[in-house]
There are 2 protein chains.
Amino acid sequence: MASPLEKARKDPESVKAKILLAARRIFGVYGFHGTTIRMVAQELGMDISTLHYHWGDKRDLYEAVVLDINHDLGQNLINVEKMIHGLALPDRLAISIDYMTEYLFAHPEISNLIIFRYFGKTREEAGIDFKVPEFTYDIARSMGLVKNKKNVSSHVMLMVLALMNSMHCFISGEDFFRPIVALNRKEYIAEAKKALKFIHIPAFTQGSNQTDK
Amino acid sequence: MASPLEKARKDPESVKAKILLAARRIFGVYGFHGTTIRMVAQELGMDISTLHYHWGDKRDLYEAVVLDINHDLGQNLINVEKMIHGLALPDRLAISIDYMTEYLFAHPEISNLIIFRYFGKTREEAGIDFKVPEFTYDIARSMGLVKNKKNVSSHVMLMVLALMNSMHCFISGEDFFRPIVALNRKEYIAEAKKALKFIHIPAFTQGSNQTDK
DNA sequence: TATTGTCTCCATCAAATGATTGAACTGTAA
DNA sequence: TTACAGTTCAATCATTTGATGGAGACAATA
C-alpha cells in the first residue's frame, strides 16, 4: 500500500531513504539521461538489483525524486510564508530571498533538478511534474502582488518566475560561476544573496504602483 | 586541413551545414546524453554512418555545435557593442536587452545549450567550453561598469551573470512558462523583454553609484 | 569506356545500460 | 530446529547506442 517514497520518508535511516538521497544527488548533477542506475548503486555501494528491489525501475526512482523535491520545496515555501506574514513588501522580499537562498544552497540538487525540468526534455515525456505554476501563483499571492483575485497579470507572474530563476541559477551554477568571480563558497553565497536583493527588491517595489498596468 | 565546422560555415547549403543545424537543434532540446546520433540522423533523413562520414563521432559533433554557438554569440555581442557605443547606461541596457532577446528567441538552442553547460555535467568532462567568463567581462566593460581596469568587482560580475541568466531562462523556458502566463509567442516575447528591462535597468542604474562598494 | 573520388546506406559489431532471475544470507516466529 | 519473509548479490538477458566495413550509386575526367 505505502509507496517506497512514503516508507523512505517515514524512516530516514532506512535503505530506501538512503537510496532516495543518493538518487537526488546524482540525478541532480547529471540529469535523467546522464545518470545510470549503476552510478546510483555504486555511490551507495550496493548492487543494481537491490535498487530494483526497493524502487522498481529507473523512471520510478526519478519520479520519486521529483515528488520528494516538490514536497520539500512546498514545505519551505509555507515556512517562508509564515515568516513574512504582515511585513512590508521590501522586508517580505529580503527575508524570502535570504531564507530560500540559504535553503537551496544547502540542497543544490533541488535547483538543479528544477532547472533540468524547465529547460530540457526527456525523450519519453514524464507523467510527473513540478508544481511550478502553483508555486509561482502562491508566491505572487504571499508577496501581496495579486490584486485581482482571480486574474493575476502575466507581468507579475513573469517577475516572480524571474526571481525564482535567478535564485536557482546562482545555486545551480555555483561550480561554473564561482571560479569566475574568484570567491570561496561562503563569500559566494553572501554575494549571491546580496545581488538577488539588490536586483529584485527595487524591481518589485517600483512595480507596486504599476504591477497591474 | 579545413575542419568540418569551417566547411559547414563556408557553404550553408552543404550537407555538413545541414547536419550542424540539426545537431544544434536536437542537442539544444535533449542535451548531450539525451540525444542519440540516430535522432539527429533521422531528423535529416539520412543514415548514421553518413553522419560519421561527415563529422566523426558524437563528441566531435557536439563540440562543433558548442564552437558554432560560441562564434555566433560572440559575433552578436560585438554587434550590440557597436550599437550602444556612447549612449547613456539605461539606453545601453535597453537596447542590449531588446537586441539580444530578439536574437536568442530566434535561436533558442543557444540559450538551451548554454544553460545545459552551466547547470549540468557530462560524464566525461569536455575539453571544449563556452566563453562565458570572457563574455561576461566584455559585457561588463561595454556597459561601462568596469572602473578599475584590472579588477572587476565580484558584485558587478554577478549582476551581469544574473542579467544573462534571466534572458536565457525566459528564452529556454518558453515551453514551460508560456502556458503558465497564457500568452501567445509574440506576446510572451514582448512581456519577457519588458520584464527584463523592468527588473535589470533599475538594478544597474541604482548600482552606478555603489557598484564598486 | 574506364578510372577516380565523393557520398550514401545496409549490415554488423562491441560496449553500455536497464532489467530479471535464482541462489544465498539474515533474523524472527512457530 | 524448521519455516518463512525480507534482503542482497552474482550472473545473465535484451535492448539501446556509438561506431565501423564494405558494397553500391553518382558525377567528373581522362
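Keep in mind it's a predicted model, so treat the numbers as computed, not measured. Sequence lines set the chain letters: A, B, ... in the order given, protein chains first and strands last, and positions in each chain run from 1.
Evaluation of the salt bridge (charged side-chain N to carboxylate O under 4.0 Å, His left out) test over residues 43-52 of chain A, restricted to residues two or more places apart or in two chains, returns A/Arg25-A/Glu43. Residue pairs meeting the salt bridge (charged side-chain N to carboxylate O under 4.0 Å, His left out) criterion with at least one member in residues 93-115 of chain B, sequence neighbours excluded, are B/Arg24-B/Glu109, B/Asp98-B/Lys197, B/Glu102-B/Lys193.
In this structure, A/His52 contributes its side chain and A/Ile48 its backbone to a donor-acceptor pair below 3.5 Å. For A/His33 (side chain) and A/Arg123 (main-chain N/O), a donor-acceptor pair under 3.5 Å exists by modelled atom type. In this structure a side-chain-to-backbone donor-acceptor pair under 3.5 Å is missing from B/Arg141 to B/Val146.
With a 6.0 Å radius and a threshold of 12 heavy atoms from other residues, nucleotides or ligands, A/Glu187 has its CD atom above the threshold. No more than 12 heavy-atom neighbours from other residues, nucleotides or ligands sit within 6.0 angstrom of NZ on B/Lys121. Environment of CD in A/Glu134: crowded, with over 12 heavy atoms of neighbouring residues, nucleotides or ligands closer than 6.0 Å.
For the ring pair (Phe, Tyr, Trp, His ring centres under 6.0 Å) test with B/Tyr62, the passing option among B/Tyr30, B/Trp55, B/Phe116, B/Phe32 is B/Phe32; the others fail.
Remark: P of D/dA10 and CD of A/Gln42 are 13 Å apart, rounded to the nearest angstrom. The CG-P distance, from A/Leu44 to D/dT8, rounds to 11 Å in whole Å. If you take CG of B/Asp57 and C1' of D/dT17, they are 13 Å apart, rounded to a whole angstrom. Atom CZ in A/Arg123 sits roughly 11 Å away from atom P in D/dT16 (whole-Å rounding). Atom CZ of B/Arg59 is separated from atom P of D/dA19 by 10 Å (rounded to the nearest Å). In this structure, A/Lys18 places its NZ atom 15 Å from C1' of D/dT7, rounding to the nearest Å.
Against DNA chain D, the stretch residues 46-53 of chain B makes heavy-atom approaches under 4.0 Å through B/Ile48, B/Ser49, B/His52. Contact check of residues 21-35 of chain B against DNA chain D (heavy atom, cut-off under 4.0 Å) returns B/Thr35.
Legend: residues meeting side-chain contact (heavy atoms from CB on, under 4.5 Å) with B/Asn112, ordered by chain and number and at least two apart, are B/Ser172.
By the 30° and 60° cut-offs, the orientation of the rings of A/Tyr99 relative to A/Tyr103 is parallel.
Using a 4.0 Å cutoff to heavy atoms of chain A, the contacted part of DNA chain C runs 5' to 3' from C/dT17 to C/dT21.
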